[in-house]
Structure formats: C-alpha cells, structure tokens
Student: 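My structure is below; once you've seen it, I'll send some questions.
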2 protein chains.
Amino acid sequence: MGLTSPSRCSNVGAVTDEEEGPVGAQEPKRAKRKRRPADRPSTIRDVAAKAGVSVATVSRTLAGNYPVSAETRERVMAAVDSLHYVVNVHAKALSGRVAGPIALVLRDITGPSLAHVAAGVEEEAGSRGRLSLVCSTKDDTKREDDLVQLMREQHAAAVLLVGGTVTDDAYHRRMAGYAKALDSAGSRLVLCGRPPLPAGVPATVVDYDNRGGAFQATAHLLTAGHRRVLFLSGAPGFSSAEERRLGYRDALRAHGVPYADELDTSGDYTRASGYLRTREALSTGVGFTAVFAGSDVVALGALAALREAGLSVPGEVSVVGFDDVPFAADLTPALTTVRVPYEELGRTAVRLALDREVGFASDNHVVLSTQLVIRDSVRPPAG
Amino acid sequence: MGLTSPSRCSNVGAVTDEEEGPVGAQEPKRAKRKRRPADRPSTIRDVAAKAGVSVATVSRTLAGNYPVSAETRERVMAAVDSLHYVVNVHAKALSGRVAGPIALVLRDITGPSLAHVAAGVEEEAGSRGRLSLVCSTKDDTKREDDLVQLMREQHAAAVLLVGGTVTDDAYHRRMAGYAKALDSAGSRLVLCGRPPLPAGVPATVVDYDNRGGAFQATAHLLTAGHRRVLFLSGAPGFSSAEERRLGYRDALRAHGVPYADELDTSGDYTRASGYLRTREALSTGVGFTAVFAGSDVVALGALAALREAGLSVPGEVSVVGFDDVPFAADLTPALTTVRVPYEELGRTAVRLALDREVGFASDNHVVLSTQLVIRDSVRPPAG
DNA sequence: GGTGGGACAGTAAGCGTTTACCCAGAGTCG
DNA sequence: CGACTCTGGGTAAACGCTTACTGTCCCACC
C-alpha cells in the first residue's frame, strides 16, 4: 500500500529482496557488512536498494535540492513509504548541519510560572524548527553541572537557565564557566528571570522588572492608605526576592512611610511559608493592615492564615501577590497581583539566543516589564 | 590550568600545536582533511593529538571499559580538560549505542495536570539516564503527525501521547499507524490518560480510573442527600469526559436516583465553559442542589457563577471537582475533588516503556486508581 | 627456552548521512 | 561538427566516535 506505481515496484522489490546479493565478482566490500538484526529501522541504503538507485539519489530526492527525474522521484518515494523510512538525525547531524535543540533547565516544571516559561520556549523553538529539551535540577548544583555538560554533548543551540536563584560568588563562577564552555562550542547560555552577569561573560539575560513590579504593588497599597504593610519576601539572597524587596522599600520611601524591620520577612516562595509567617505576624502582634506577598503562592498561604484568624480580606486586611498565576483571579477575593510575562520571557529568550546565532545584532540583556493587575483584594484600611 | 602534569603537557602541546603536521612521508590521507573553522568544538582527535595517543585510547579512557595505564589516563584527562572536550552524541549514537530520549507530546504544558505528568516523566526518564523532549500539539492533528515522525528521526525510546482525546475512527487509525511505525523502529507508543487501543496494536497504555473517580464523586454528593446533581462534563466524545459520565450515571443508578438529561451537559474543560453552563442552568431553572464539575478548572467557573448568583457554597449548592489541581485546596470553600496521580502516571509510562525494552515482561495496559479528596465544598442539601 | 597470557596501545572498519567531484547523454550554439 | 552547458545520476570522502582485530612487551610457567 502507498505505492504509486505497483508494477515497477514489485519488480524492484523482487530484485532487492535478495538482500544486496553480489551481482558478480565485484568488490567484496559490501559483502563484508555485518548482518544486522531485523528490527533495525530501515536506512537510506535500504531505500536505495528498493528503489534501484544510489543512496546519493535518495538523499537528494528527499532533500529536494538537486534535479531528480519525476520517474526516479516516484520510485524513491514509493520505497520510502513502503519501508517507513525516516532519516537518522544522528547521521544527518554528523554530516549536514541540523539545527540544535533548545535546552530548558529549571528547578521544577510543576510551578505554574515556570510551566508558562516552558510553553513560551517550546512555542518559539518549535516555530523555528527546534526541539526543546526540558530538565529539572531540583536545586542540585551538581545536577545542574551535569545537565549543562549533557546539553553541550547534545549540541544544544542554547541552554536556558530559568528562575531566580541565590547569586553568590560561587554562582557567578559557575555561570561564567557555563557561559564560556557553551560559547566555545558555538552554543549560548541564556539566563531567564535572573540578574545579568558581570560584563565580558558571553551570556544572554532576559529578566523582568521585579523591582518595578514590587514598587507598583506596594505603592498601590500605600496609595489606598495603608501604612503597615507586611512583606512576605522570598529566601534571603535569592535574586528575585531581593529585587522585590528593593521595590517594596522604594515605594515606602516614595510615600514617606517609615521602613519597619519587623514587617520585612524572608522565607520560601511556598504556601506553607506564607501561612506560617502571616500567622506569626498576627500572633506577635506587629500590627499590619496589608500584606504584600512575594508570590501568589505565598499569598495563598497568607489568605489561609487570615481566614483562619477570622480576618476578612479585603475588609480588614488587604493582600497583594506577585506572578499572576492563572488561579489568582479565582481566589476569594480575586487577588490583586503583579503580572509577569512568563510566556514572553520564554519566547524572548529563544529569540535572542537564536537571532544572535544567525548573526543579527541583538541585545544581551533584556528586561521585560511587569504590570499591576488590580482585582478585589485591596481596600483602604478599616481604621 | 587544570593540567595535572604541566611538564609533560607543555611538551605534548609543543608537538601538537603544529596541527598534525606530517611527520615524514606518511600516508597523505590525514593531510587531505579540510581545514575546519576555528570555533568548532574540539573532537576526540584533538584530544588524542594533544595527549599524544590514538583516538582509540582516548575513547577507551573516557569509557573506562578497557585497561589504560595511569600515566596515559592522566595525559588524556589533562587534554580533555584543557580543550573542554565533550563527546559528540551524534557520533556516539552512530556507532556505540546511546539511550534514546523520551518524547512527551501533549496539548499544552501549561495545564496544571499535564505539567505534573511532565514532571513525572522527566523524573523517571532522568533517573534512567534519558533526556525528555517536550512538544505541544495545540490540538493540531497534522502537527501531531509531524511530531511523531520527528521523534522517530530522533530515535526516541518512547513517544508518550498524553491527555484525553476524541477517540473516533480516524483517531484509531492514526494511533495504529503511529504504533506500528514506532514499533518497527524499536521505539514504543505510550498512551497516557487515554483508553486502550484495539488488541494487536503495539502500544502501551497508562490510564487512570475516570469512571471510578466520577462514581465516587457523584456518590459522595448523593450520599449527602443530593438528588439533582448538575454534571458539567467535557467535550462530547472526549475519552475522559465520556468515562466520567459513565461514572456519574453508575452512581445515580446505584443510588436509585433517576437520570435527568437536562442535568447532563457537555462542553470544554475550561473555566469559561463551567461558568457559562452553570449560569445557564441557573437561569433556565432546571433545579439542582449540587454540581459535579468534570474538572477543577470547570469547577472554578461554576463557583464563580454561583457566587455571582449569590448562592453560597456549600450552604446552598455543593460542588465537587475532578483532578485535584494544586490550588483546589485554596479555593473558598476548599474544593472536594478527585485526585488523579498525574506524576505517577508519567513515571509509570516511562517505566513501562523502558522495562519492556529491556526485555522484562510487563503489562501493556495499566489503570491507576483515583481517589476522592473530601474538603469543604459539599454539605447536605438545604431543603 | 618456548609458550601462554595479561596489560596496554594502535589500526581501521563501520555507524547513516550529505555532498564534492566525476561522468554520460542530450541539447545548443557558433 | 566540436566545444559547452544542462540534466540526471553514481562514487566515495567526510562527519566523530566505538570497538574488533592486531600487535608488542613482559612475565610466569612448565
């Protein structure tokens, strides 16, 4: 089935079913070829044999970059169909060029924001004919090392490291190492949602405006009249957490509200952490009328703690989140939060990495803007 | 730097910096080699030259499956380090065996449940030394065809098609084609979260108990005393939607509650659809005291519509979802729903696909169980 | 003092493609 | 009518690696 010219093909088939039988006292070179297991996928040579042409002709027919007579093309295509032939990328990569894949390295794809980055990457990569490899590090530095190595082996066109991180000295050394190793292999390190590296390191950075977003969020609360804003930040030293903290303080300063150390807490970007910290702030009685959560997931925990304490939101306490995860609009009350263009982050990262490769001039550092999304979780303070 | 034996290495370096200069009237074969661009990643030959050994020795040193003297090993490793050498997977795949990647094909990775499947797949694949490729089809059949073809080219060890789908005749033909094409190339088609194919098709299926879960969910409502349960199912013909519908009806029958056609609605698994259908059911006055949403996202829409109509949940209307997405516990009220082991689905799929390959006997059809998670969104009817 | 064998290293075939180069036949043109 | 171009096709080198096959050296054992 699938054969467009049965008569010729059955003919060819009859000849080649002999498994390349030597047709005389030719060079025994081909005869030396080891017998392969039968379930091996068919090769271009099988196709050539079945079609009664040389492998070069098959290759050229499939590539379509060389004149081939209609009759030959037909025979080749028939053989391809009947053998279910697909080209072997490894062989192809070894001779002609193939586009390297885009490698996506993240902590955990389960997080809603990271999944959106992945979607953006996949979309942009796919539209440019690239595959996307996804790997998670689970916060293991050794594993990250291995993955970058692995991606180098895979000849990835770019390696995207996604998500905030602790940017200490060891981190910078590690990134510089990755960047150079990848660069020397014609690949590219792309940092997404992280601050830039020192100048001279061959890496591309796509970040978003954590500080500005945090400023808007905090300013929104302050404008509503709040003066005691509990800040539930991320881990100390964690890049996005520190940036958001800066934005928080910027806003306080801009509104002439004194900074209170006891309102500025650090912790994980988890629901549990938000819950615990809010509960503690309530029990120790530091006094606050609003909460700025470092992420929507943290806000979830804060909302739970407030609800548990019998405090109504936004009646008695206002809450703002960060990220605008999909369910933020479906919470009760719908959460006012800061939208981060995660999908665009992924798309931009791929675009920058590849366009650079093609030779277009392009920036090595892009910052996407964030935007406050006002919903129902903020109201002027009760007092 | 990185050289462990500087004296010897500088020596070797001096010799090989001449770029393989012919050391006499040897075969000119190597001299014919074309000059390559300088930014090309270094090859095993570069390493061999720098270490002053043959490529075979380098290969064996790195593979560690052959005796190599300590001194030689040291020289080779020094060369590897200084050249930042990494093996070329394509070349490696072409000769020795390399483990093929696991290909994950899904509609859209953004959905919370699919992301969890992806996480499970990535984890299991990674722990077995396999890469995971992620691709999204966006519900485009043509694109799915292309992706399967692409994965065949990539020599994927398995292709996982994830998520429910409309299982019509064309679908079965398509799957049979995929399965055979993959099987003949030594790969494997794995269907995740979909019903099995007709016997004889070489595919593995990992599904979960949609019908049982729907039964439990509905039974939970009926046991609480509800008699009019609005069912917000998925698209007509969609596998998981139909299975859940069967479970819904099973439960009605088991509890002796008459089936009412007007309470059994079909639509998308989207928030908007849940919202619209609930609103319509309210406005047409079909009368119901409980809602069984075909998915948590649909439940989200239903909750919104109920809230909008001023109906309290669970005071006046009870709601049950399906999927147990992460935020289900954080809704107001916390959503009673059916937990689906999505991560395990992914892990199991990979395990089955690969163990089969290694030759262990294993099932080709596994059904994971689902489980009702009782939270706060169900109460006996008010009347 | 052969002989067997273990440790270590090199040679080269082969993996499946692409493509530079070569060649035969058919026009085409001066 | 010979030189040339254009078509269509084959041959074989190259891509970077693994590994079977050969040695070579050295030591132990009859």
Side-chain angles (χ1 to χ4, degrees), chain A residues 26-37 40-49 51-76 80 83 85-98 152-155 185, chain B residues 26-37 40-49 51-76 80 83 85-98 100 152-155 185-186:
Chain A
Q26 287 186 336
E27 284 236 295
K29 188 178 173 189
R30 282 288 168 266
K32 247 204 272 181
R33 184 174 289 279
K34 267 178 241 153
R35 192 137 191 113
R36 316 181 203 109
R40 153 199 67 90
S42 49
T43 72
I44 197 173
R45 200 157 25 224
D46 301 330
V47 175
V53 298
S54 72
V55 294
T57 301
V58 175
S59 176
R60 296 199 268 241
T61 304
L62 294 175
N65 55 5
Y66 199 85
V68 173
S69 72
E71 192 219 15
T72 303
R73 176 186 320 281
E74 199 173 293
R75 285 225 306 282
V76 169
V80 165
L83 293 174
Y85 169 77
V86 283
V87 60
N88 178 331
V89 270
H90 298 306
K92 185 173 194 161
L94 213 48
S95 42
R97 287 317 70 163
V98 299
R152 230 142 62 78
E153 293 179 7
Q154 299 286 331
H155 287 204
Chain B
Q26 288 186 336
E27 283 234 295
K29 189 179 175 189
R30 283 287 168 266
K32 246 203 272 180
R33 185 174 290 280
K34 266 178 243 154
R35 190 137 195 115
R36 315 181 203 107
R40 155 201 65 90
S42 49
T43 71
I44 197 173
R45 198 155 30 223
D46 302 330
V47 175
V53 298
S54 72
V55 294
T57 300
V58 175
S59 175
R60 296 199 270 240
T61 303
L62 294 175
N65 55 5
Y66 198 85
V68 173
S69 73
E71 191 221 14
T72 303
R73 177 187 316 282
E74 200 173 292
R75 285 226 305 283
V76 169
V80 165
L83 293 174
Y85 171 77
V86 283
V87 59
N88 179 330
V89 270
H90 299 306
K92 185 172 195 162
L94 214 47
S95 43
R97 290 308 76 156
V98 296
R152 230 141 62 79
E153 292 178 7
Q154 300 284 331
H155 287 205

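A, B, ... follow the sequence lines: proteins, then strands. Residue 1 opens every chain.
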Student: If I take atom CZ in residue R97(A) and atom C1' in nucleotide dA14(D), what distance separates them, rounded to the nearest angstrom?
Tutor: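 Whole-Å distance recorded here is 11 Å.
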Student: May I ask you to verify whether the side chain of S95(B) and the base of dT18(D) hold a donor-acceptor pair under 3.5 Å?
Tutor: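 Donor-acceptor pair under 3.5 Å: no.
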Student: What pair of heavy atoms forms the shortest contact from K92(B) to V98(B), and how long is it?
Tutor: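 That closest heavy-atom pairing would be CG-CG1, 3.4 Å.
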Student: Hey, can you tell me if H155(A) and H90(B) have their rings parallel, tilted or perpendicular (30° and 60° cut-offs)?
Tutor: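 Plane angle over 60°, so perpendicular.
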Student: Which heavy atom of G52(B) sits nearest to which heavy atom of R75(B), and what is that distance?
Tutor: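 Smallest heavy-atom distance, with atoms named: O-NH2, 3.7 Å.
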Student: Report the distance from atom NE2 of H155(B) to atom P of dG16(C), rounded to the nearest whole Å.
Tutor: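 Computing the H155(B):NE2 to dG16(C):P distance gives 9 Å.
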Student: Just how far, in rounded Å, is C1' of dG14(C) from CG of L94(A)?
Tutor: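 Those two atoms, CG and C1', are 12 Å apart.
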Student: Within the structure shown, what part of the strands sits under 4.0 Å from V53(A) by heavy-atom distance: base, sugar-phosphate, or nothing?
Tutor: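 Contact class for V53(A): sugar-phosphate only.
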Student: Reading nucleotides 21-26 of chain D from the 5' end, what letters show protein touch, with B for base, S for backbone sugar-phosphate only, - for no heavy atom under 4.0 Å?
Tutor: ------
Student: Among residues two or more places apart or on two chains, list those pairs meeting side-chain hydrogen bond (donor to acceptor under 3.5 Å, both in side chains) that have a residue in residues 53-69 of chain A.
Tutor: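 Found S54(A)-T57(A), S69(A)-T72(A).
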Student: Would you indicate, yes or no, if dG8(D) has its OP1 or OP2 atom less than 4.0 angstrom from a side-chain nitrogen or oxygen of T72(A)?
Tutor: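 T72(A) to dG8(D) OP1/OP2: no side-chain N or O under 4.0 Å.
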Student: H90(B) has an atom NE2; how far is it from atom P of dG16(D), in whole Å?
Tutor: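 Checked: the NE2 to P distance equals 12 Å.
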Student: Using heavy-atom distances to pick each residue's nearest nucleotide on DNA chain D, tell me which of V68(A) and V55(A) is more 5'.
Tutor: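 Here V68(A) is the residue nearer the 5' end.
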Student: Per the end-axis method with five pairs at each terminus, what is the bend angle of the helix from dG1(C)-dC30(D) to dG30(C)-dC1(D), to 10°?
Tutor: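 End-to-end axis angle: 60°.
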Student: Touch check for S54(B), heavy atoms < 4.0 angstrom, all strands: base, sugar-phosphate only, or nothing?
Tutor: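 Base, at least one base heavy atom under 4.0 Å.
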Student: Rounded off to whole Å, could you give me the CG-to-P distance for the N88(B) and dT18(D) pair?
Tutor: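 Rounding to the nearest Å, CG of N88(B) and P of dT18(D) are 10 Å apart.
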Student: Does the side chain of N88(B) reach to within under 4.5 Å of the side chain of L94(A), using non-hydrogen atoms?
Tutor: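 When only atoms from C-beta onward are counted, L94(A) and N88(B) do touch, with a gap below 4.5 Å.
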Student: For V80(B), which residues count as a side chain to side chain contact (heavy atoms under 4.5 Å, CB included) partner, sequence neighbours excluded?
Tutor: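 With sequence neighbours excluded, V80(B) shows a side chain to side chain contact (heavy atoms under 4.5 Å, CB included) to V47(B), L62(B), V76(B), Y85(B), given in chain and number order.
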Student: Remember a base hit wins even if backbone is also touched, and classify V86(A) as base, sugar-phosphate or nothing at under 4.0 Å, heavy atoms.
Tutor: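 Since only primed, P, OP1 and OP2 atoms lie under 4.0 Å of V86(A), the category is sugar-phosphate.
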Student: Mind checking S59(A) for me? I need base, sugar-phosphate or nothing, with any heavy atom below 4.0 Å counting as a touch.
Tutor: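 Answer is base: heavy atoms of S59(A) come under 4.0 Å of a base.
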Student: Taking the side chain as C-beta and beyond, is there a heavy-atom pair between V53(B) and V58(B) under 4.5 Å?
Tutor: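 Yes; the side chains approach each other to less than 4.5 Å.
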Student: Just verifying a value: how many Å separate T43(B) OG1 and L83(B) CG, rounded to the nearest 0.5 Å?
Tutor: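 The OG1 atom of T43(B) sits 9.0 Å away from the CG atom of L83(B).
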Student: Would one find a side-chain N or O of T57(A) under 4.0 angstrom from OP1 or OP2 of dG8(D)?
Tutor: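 Indeed not, no polar side-chain atom of T57(A) lies that close.
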Student: Nearest-Å distance, CD1 (I44(A)) to C1' (dC15(C))?
Tutor: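 It is 14 Å, rounded to the nearest whole Å.
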Student: Rounded to the Å, how far apart are N65(B) CG and dT18(D) P?
Tutor: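 Whole-Å distance recorded here is 9 Å.
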Student: What pair of heavy atoms forms the shortest contact from E153(B) to V86(A), and how long is it?
Tutor: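 E153(B) and V86(A) have their closest heavy atoms at CG-CB, 4.0 Å.
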Student: In whole angstrom, give the distance that lies between atom CZ of R45(B) and atom P of dA12(C).
Tutor: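 Checked: the CZ to P distance equals 14 Å.
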